[in-house]
Amino acid sequence: GIPDYRGPDGRRRVTPMTIAQIRHDPDGRRRYWSRAFVGWDTLRAAEPNSGHAALARLEAAGLIDHVITQNVDGLHQQAGSRVVTELHGTLTSVVCLRCAARLHRDRVHAALARLNPDFERRARSVRGGIRPDGDVELPADLIDAFCVMRCEECGTDELKPDVVFFGESASPDVVARCYEAVERASALLVVGTSLAVMSGLRFVRRA
């Protein structure tokens, strides 16, 4: 139930939030968090599909020893894959851009619910469908009324999910770990990606 960024033709179908918007634009952060707040229950309820299950079965059979995923939804782990590197991070964690404090996403969602007690009800009839980031389309007047959460450690509102936004780079340590896994492998199986960005393509080139 979670759409991808690019269809079979490889063209990006949505305009994603960029790291510059989330880092430097308070209105951009309000737009992201209002839409992500409404979409979180749908994203959290998503279940692994047959592709996730197949990879987990291959691992159980000893044919796969490492999954490198560009996805941020945790569905590989839910399906039973045990050795998973999340190249682009995870939506289940939130990080403060000012002080680097980390919070579990459910804790942040609960805080946003307290700050915006009637928001989900008001959004129910006007929201759009779920987007690849886990957010939904909302009208501007509803977004403008949303109260954002502030960091429990330093008080800033500069919070973002612990994922790699467009315009941001994956952690060098994570990339190095992925390269090591590729170099140990006798084969590399590539599933479910257009390889339209270097983030994943680099491992194919290394192989």
Q) Under the salt bridge (Lys or Arg N to Asp or Glu O under 4.0 Å) test, which residues partner Glu153, sequence neighbours left out? A) none
Q.
Could you work out, with side chain to side chain donor-acceptor pair (under 3.5 Å) as the rule, every residue matching Gln78, not counting sequence neighbours?
A. none
Q: Please tell me if the side chains of Phe119 and Leu112 come closer than 4.5 Å, counting only heavy atoms from C-beta onward.
A: no
Q. Does anything in residues 16-26 pair up under side chain to side chain donor-acceptor pair (under 3.5 Å), and if so which pairs, sequence neighbours excluded?
A. Thr18-Gln21
**Q.** side-chain contact (heavy atoms from CB on, under 4.5 Å) partners of Arg82, counting only residues at least two apart
**A.** Glu59
Q.
Set out, in order, the CA-CA distance, both residues' side-chain angles and the distance that settles side-chain contact (heavy atoms from CB on, under 4.5 Å) for Lys160 and Glu168, then state yes or no.
A. CA-CA 12 Å; Lys160 82 174 185 78; Glu168 197 174 12; 3.5 Å; yes
**Q.** Geometric class of the Tyr32/Phe165 ring pair [parallel <30°, tilted 30-60°, perpendicular >60°]
**A.** perpendicular
Q: Only counting residues at least two apart or in another chain, list the ones meeting salt bridge (Lys or Arg N to Asp or Glu O under 4.0 Å) with Asp27.
A: Arg30
**Q.** Candidate pair Leu91 and Trp40, rule side-chain contact (heavy atoms from CB on, under 4.5 Å), full reasoning
**A.** CA-CA 9 Å; Leu91 285 170; Trp40 179 238; 4.2 Å; yes
Q | side-chain contact (heavy atoms from CB on, under 4.5 Å) between Val95 and Leu103, worked out | A | CA-CA 6 Å; Val95 62; Leu103 290 168; over 6 Å; no
Q) Do any N or O atoms from the side chain of Arg150 and from the backbone of Gly155 form a donor-acceptor pair under 3.5 angstrom? A) yes
Q. Is a side-chain N or O of Asp157 found less than 3.5 angstrom from the main chain of Val148, in a donor-acceptor match?
A. no
Q | Residues in salt bridge (Lys or Arg N to Asp or Glu O under 4.0 Å) contact with Asp162, at least two apart in sequence or another chain | A | Arg102
Q) How many angstroms lie between atom CG of Asp73 and atom CD1 of Ile2, to the nearest 0.5 angstrom? A) 4.5 Å
Q.
Taking the side chain as everything from C-beta on, heavy atoms only, tell me whether Arg105 gets closer than 4.5 Å to Pro161.
A. yes
(Q) Looking at Glu137, is its backbone amide N or carbonyl O close enough to the side chain of Arg35 to form a donor-acceptor pair, meaning the two atoms are under 3.5 Å apart? (A) no
Q.
Looking at His52, is its backbone amide N or carbonyl O close enough to the side chain of Asn49 to form a donor-acceptor pair, meaning the two atoms are under 3.5 Å apart?
A. yes
(Q) Under the criterion side-chain contact (heavy atoms from CB on, under 4.5 Å), I'd like the reasoning laid out for Leu87 against Thr69: C-alpha separation, chi angles, the key distance, then a yes or no. (A) CA-CA 6 Å; Leu87 183 63; Thr69 181; over 6 Å; no
Q. Which residue pairs satisfy the side chain to side chain donor-acceptor pair (under 3.5 Å) criterion with at least one member in residues 119-128, sequence neighbours excluded?
A. Asp118-Arg121
**Q.** For Thr193, all residues meeting side chain to side chain donor-acceptor pair (under 3.5 Å), sequence neighbours excluded
**A.** Gln70
Q: With the side chain counted from C-beta on, respond yes when Ile19 and Val164 share a heavy-atom pair under 4.5 Å apart, and no when they do not.
A: no
Distance-only criterion, 3.5 Å: show the donor-acceptor pairs between side-chain atoms of residues 197-207 and protein atoms not counting sequence neighbours.
from: Ser199; atom 1: OG; to: His88; atom 2: NE2; distance (Å): 2.5
from: Arg202; atom 1: NE; to: Ser199; atom 2: O; distance (Å): 3.0
from: Arg206; atom 1: NH1; to: Glu183; atom 2: OE2; distance (Å): 2.2

Q. CG/Asn71 to OG1/Thr90 distance, rounded to the nearest 0.5 angstrom?
A. 11.0 Å
Q. Is any side-chain heavy atom of Leu159 less than 4.5 Å from a side-chain heavy atom of Met149?
A. yes
Q) With sequence neighbours left out, what residues match Asp106 under salt bridge (Lys or Arg N to Asp or Glu O under 4.0 Å)? A) Arg44
(Q) Looking at every heavy atom in both Cys154 and Cys96, which two are closest together, and how far apart are they? (A) SG-SG, 3.6 Å
Q.
Is the shortest side-chain heavy-atom distance between Trp33 and Val94 below 4.5 Å?
A. yes
**Q.** Verdict with supporting geometry, Ser93 and His104, side chain to side chain donor-acceptor pair (under 3.5 Å)
**A.** CA-CA 5 Å; Ser93 179; His104 193 279; over 6 Å; no
Q) side chain to side chain donor-acceptor pair (under 3.5 Å) with His109: which residues, sequence neighbours excluded? A) none
Q. Which pair of heavy atoms, one from Ile22 and one from Leu97, lies closest together, and at what distance?
A. O-CD1, 4.1 Å
Q | Counterpart residues, side chain to side chain donor-acceptor pair (under 3.5 Å), relative to Arg57 (two or more places apart) | A | none
